[in-house]
Amino acid sequence: MSLKNYALQLKRRIAAVAAIHFEIAAAELPAFEVSPSSEARFGHFACNLAMQLARPLKRNPRQIAEELAERLNIELGEELAAPLAPVGQGFLNLHLSEHLFGEAVNEVLTGASPFQWQAEKPQQINLEYVSANPTGPLLVVNGRAAALGSALASILKAAGHSVTQEYFVNDAGTQVIEFGKSVFRENRDRYREAGWEISDEVYAWGDDGGYAAKTVAEVSESVFQLREETACEKKYTRSAQLFEITDSVIAQLEFQRASLGRFGADFQRFYSEHLLYAPDSRLPYQDVLTSYIFPEMLDIEQVPGPIRDAWHTLKEHGSTFEADGAIWLRTTEYGDDKDRVIIRSNGKPTYLLADIAYHLNKWERLENKDDSGDAPLMIDIWGPDHYGHILPTRAGLMAAGLPEEALEVLIAGWVTFKQGEKVVAMSKRKGNLITLDDLMDEVGVDVARFLFLERSPEAELEFDLEMATEQSSENPAYYVQYAHARICSIFSKALEEGYSEEQLISTELSKIDMAPLFTEDDAGRRQAELLRQLIYYPGVIQSAARGRAPQRLAHYLHHLAGEFHPWYKMVKVLVDDRETALARLALCAALRKLITHGLGLLGLNAPESM
RNA sequence: GCGCCCGUAGCUCAGGGGAUAGAGCAGCGGUCUUCUAAACCGCUGGUCGGUGGUUCGAAUCCACCCGGGCGCGCCA
C-alpha cells in the first residue's frame, strides 16, 4: 500500500471494473468518490459509484451496488478485510486488511518525506500576503493573513507545488508622506531638546501628520537615534524632511520584517512599490519620491519603470480610453460593473494601475521560471476591506492579456476582539489597536497561529483575549502539542526500561509486526481507529491545498489528538508483552512523525516536553 | 440600490451533495501509587435564519425573503 495515493488508486481500479462491467467508456462514468469513511463502522473508504450510476443506468442503486461488489471482491481480493456488500442506499464501504496498515506505518517510518505528495499538475505559485503599508506596526489582521499565507505556502509545497512567498511594500503612495510627517511630529521636540536647530516653518511641517502617536512611536524612536548617530550638523532643514520620510518607511519595514520572522512567515521577496517607477535601483528610493510622488503633476511617459510598461500594454490591447482628462480602463468588458481610472487627470497613476503593473511583473517572473508547461498561478491574500478591488484587478490583468485564472484572491476575514464580555473596537487613527507583536507577547506564536488557522479564511473571527491568555492551558494548540510531548515521553521511558536506542529507531520499528494491535477489545478498536486516521493524512493535505483551506489540517490534527489522548489514558504502551509494546511503539513513532509534520505545516512547534 | 461574505448547541466555530450534524469553551458529576492530569470518563445542550425548488439523498446546490458585516473614489 502506498499511503499517499491509495484512495486515488482504488478509485481508478473501481472505475476500470465498473466501466467494463456496465459497458460504459471510462470517460463517460459519472463523477464519484472514494472518500474517507465518516465513521469507523463504515470501514476505511466509502464509494458512492453505485448511487451515481443509478440515473444513467436507470436502475436501482442497490442492485448496481450488488453487481459492483461482486466484481470488486475479485479485483480487490486480499486487500479487503471483509467482502464488499451494499449498505444504505448503495454505499460500498471498503474495510481494508490489517496487513496494509503495517505497510503504511512502514512507509511513514522509513520514507524520507512520507507525506510529500507528487502533484499531478505541479504549479509554479507566487503567493503574496500581508503586504501591509509600511506606515505602522503590523496588526492582528495582518497576523491572520501571515498565518494563513505561510501555512498555505507549506501546504501547497507538501501537495507538490512550487511556491514563492512575496510581500508588496506600498512605499510609493501619499501615505508615506503622512507617515513621515507624523514621525517628525513626535520627534521635533526631541530634536530641539537635543540641541537641534529647527525653524518654526520647518517645525510646522509635522502639525498635520495623520498617524497616532502610538502607531509611530517605535519608528520615531529609531529614526531619532539614527539622526543623532549620523548627523554631521544638528540642523533640521527642509530637505531633511525627505529623509525623515524614507528613513521612517525603511525603519518601519524592518520592524515589520522582524515581527513576521518571529511569527514564522518566511518571505523570499519584498517587492517595493517604488520599483514600479524605477526598477533595478536605477533611482534611489528618495529620488523616486521626489521625481514621481511629490510633484503635483506627472507625465507618465517619463516614468522609466513597469508602471509605464503596464500602461502601454493596456493601451496596445485597446482597452483604454480618455475621458474627463483622465485615462480609463474598460474593465466592464471583463465583468466589472464600471470602468476604472488608471491615470488621473494630473498624470499620476492610480493604485489600480500600480497593482496591475506589479501583477504583470510577478506573472513575467513566474513564466520565466516555469519550464514545465503547466499554468503558473498567482495567489493573493488580501484584507477584508479589499473585496471591491478583486474584480477591477482581475479585469485589468485580463485586459493586459492574462487568463482569468492567473490570479486567485483569498480574503482574510475580519478579526474582532473580545475581552471577557466586552468587544474591543480598534481604530488605526485613534491608535488603540492591537499589534501582532502585542498578540505574540500575550498568547505566544503557536497559540495565535493555531487560533487563526482553525477558522476558515474568509469567515469573521472573534478572538477572545481572555480565553487565549488566562485559559491558555485548555487551548487546542496545546492539546495537539501535548499529544506529541506524551509520545516523546513514552520513548524516554522506554529507554529507561531497558529498550535500546537501536531498537527504537524508525528503521527498526518499521519492521515490527503490527498484528498485536488488532485485538477485539477497546484497546484494539482505538488502535485501529488511530491507524485509520493515519492513512487519511496525505488526503487531508491534498484537500487543504486544493481548497486553500488550512483549517482542514488544523481540525484533522485536533481530531487525531482527540483519538490519541483517550487511548493513551486507557492503554499502557510499555506493557510486559514485548511484541505488543513494540507494535504500540511503532504506532507512536508513526503518529509522532505525522504530528510533527502537520504542526510544521501550520508553523507550530512540536515540543518534546511541556 | 448593486456586489461580496456570513447566519449551525448558551458562546466561539468546523462540516460546503451522502449514512444517526461535530469540536472547543461554558455548565453539572467523577478519575492521578501505573509511559506527563496542558489529560481522561460520564451527563446536559440543535425546527443547521425562513419559505419554496432541484435530487435516490440538502446544513451543503438554486430562487425568493429575513437578519448581521463589508465594499461600491481621479484613496490605498
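The analysis underlying the following values was restricted to heavy atoms, covering all of them including side chains, and did not include hydrogens, waters or symmetry mates. Being a predicted model, the structure only gives us computed values, none of them experimental.
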Pick the [atom1] atom in [N] and in [M], then give their distance to the nearest Å.
N: B:G7; M: B:C65; atom1: C1'; answer: 14 Å
N: B:C70; M: B:U31; atom1: C1'; answer: 49 Å
N: B:U44; M: B:G27; atom1: C1'; answer: 8 Å
N: B:A37; M: B:C43; atom1: P; answer: 23 Å
N: B:A38; M: B:U34; atom1: P; answer: 14 Å
N: B:G3; M: B:G73; atom1: P; answer: 16 Å
N: B:G22; M: B:U60; atom1: C1'; answer: 15 Å
N: B:G30; M: B:G67; atom1: C1'; answer: 42 Å

[X] has an atom [atom1]; how far is it from atom [atom2] of [N], in whole Å?
X: A:Glu462; N: B:C5; atom1: CD; atom2: P; result: 22 Å
X: A:Phe452; N: B:A14; atom1: CZ; atom2: P; result: 14 Å
X: A:Glu458; N: B:G69; atom1: CD; atom2: C1'; result: 14 Å
X: A:Arg552; N: B:G16; atom1: CZ; atom2: C1'; result: 8 Å
X: A:Glu563; N: B:A23; atom1: CD; atom2: C1'; result: 12 Å
X: A:Trp567; N: B:C41; atom1: CH2; atom2: C1'; result: 18 Å
X: A:Lys572; N: B:U33; atom1: NZ; atom2: P; result: 15 Å
X: A:Glu460; N: B:G67; atom1: CD; atom2: C1'; result: 14 Å

Minimum-distance nucleotide to [X] side chain [options: [options]]:
X: A:Phe42; options: B:A76, B:A19, B:C74; answer: B:A19
X: A:Ala326; options: B:C74, B:A76, B:G18; answer: B:C74
X: A:Pro566; options: B:G69, B:C35, B:C40; answer: B:C40
X: A:His558; options: B:C35, B:G24, B:C74; answer: B:G24

Give a yes or no on whether a salt bridge exists between A:Arg526 and A:Glu529, defined as a side-chain N under 4.0 angstrom from a carboxylate O.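 A salt bridge is absent here (no side-chain N lies under 4.0 Å from a carboxylate O).
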Tell me what [X] touches on the nucleic acid: a base, only sugar-phosphate, or nothing, going by heavy atoms under 4.0 Å.
X: A:Glu608; answer: base
X: A:Asp324; answer: base
X: A:Ala483; answer: nothing
X: A:Asn48; answer: base
X: A:Arg59; answer: nothing
X: A:Leu461; answer: sugar-phosphate
X: A:Pro61; answer: nothing
X: A:Lys569; answer: base
X: A:Val575; answer: nothing
X: A:His559; answer: nothing
X: A:Phe491; answer: nothing

Tell me whether the OP1 or OP2 atom of [N] has a side-chain N or O from [X] closer than 4.0 Å.
X: A:Arg486; N: B:A38; result: no
X: A:Ser456; N: B:A14; result: yes
X: A:Tyr556; N: B:G15; result: no
X: A:Tyr387; N: B:G71; result: no
X: A:Lys338; N: B:G73; result: yes
X: A:Arg455; N: B:G24; result: no

Quick one about A:Gln63 and A:Glu67 (side-chain donor to acceptor, distance below 3.5 Å, no hydrogens or angles considered), yes or no?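 Their side chains do not contain a donor-acceptor pair, so the 3.5 Å distance test is not met.
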Looking at [X] and [N], is any side-chain donor or acceptor paired with a base atom of the opposite kind under 3.5 Å?
X: A:Asn93; N: B:A19; value: yes
X: A:Gln551; N: B:G15; value: no
X: A:Glu33; N: B:G18; value: no
X: A:Thr350; N: B:C74; value: no

Return the stacking result for B:A39 and A:Tyr482: yes when the ring centres lie under 5.5 Å apart and the planes under 30°, no otherwise.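 Here the ring of A:Tyr482 and the base of B:A39 are not stacked, as the 5.5 Å and 30° limits are not both satisfied.
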Lys/Arg cation over aromatic A:Phe491: A:Arg592, 6.0 Å, 45° cone: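 Output yes; distance and angle both within limits.
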Within this structure, what is the OH-CD distance for the pair A:Tyr499 and A:Glu508, rounded to the nearest 0.5 Å?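 Output value for this atom pair is 14.0 Å.
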For the atom pair OH (A:Tyr537) and CG (A:Leu560), what is the distance rounded to the nearest 0.5 Å?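 Output value for this atom pair is 10.0 Å.
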Given RNA chain B, 5'-ward residue of the pair A:His565 and A:Val573, judged by closest heavy atom: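 Nearest-nucleotide comparison on RNA chain B picks A:Val573.
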Which residue lies more 5' along RNA chain B, comparing A:Thr174 with A:Phe91 via nearest heavy atoms: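 By nearest-heavy-atom nucleotide position, the 5'-most residue is A:Phe91.
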[N] - base-pair partner by Watson-Crick or wobble geometry, distances under 3.5 Å:
N: B:U51; result: B:A63
N: B:G22; result: B:C13
N: B:G27; result: B:C43
N: B:G71; result: B:C2

If the plane angle is over 60° it's perpendicular, under 30° parallel, otherwise tilted; pick one for A:His95 and A:His44.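 Judged by the thresholds at 30° and 60°, the geometry between A:His95 and A:His44 is perpendicular.
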Check the angle between the aromatic planes of A:His386 and A:His389 and answer parallel, tilted or perpendicular using the 30° and 60° thresholds.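 If you compare the ring of A:His386 with that of A:His389, the planes turn out perpendicular.
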Syn/anti state of B:C32 by chi, 90° boundary around 0: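 Nucleotide B:C32 adopts syn.
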Donor-acceptor pair, distance only, cut-off 3.5 Å: does the side chain of A:Arg55 make one with the backbone of A:Gln52?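 Side chain of A:Arg55 to backbone of A:Gln52: no pair is present.
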Strictly under 6.0 Å, is that where the ring centroids of A:Tyr556 and A:Tyr536 end up?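 No, ring centres 6.0 Å or more apart.
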If you look at every heavy atom in A:Pro384 and A:Val141, which pair is closest and at what distance?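 The pair with the smallest heavy-atom distance is CD-CG1, 4.3 Å.
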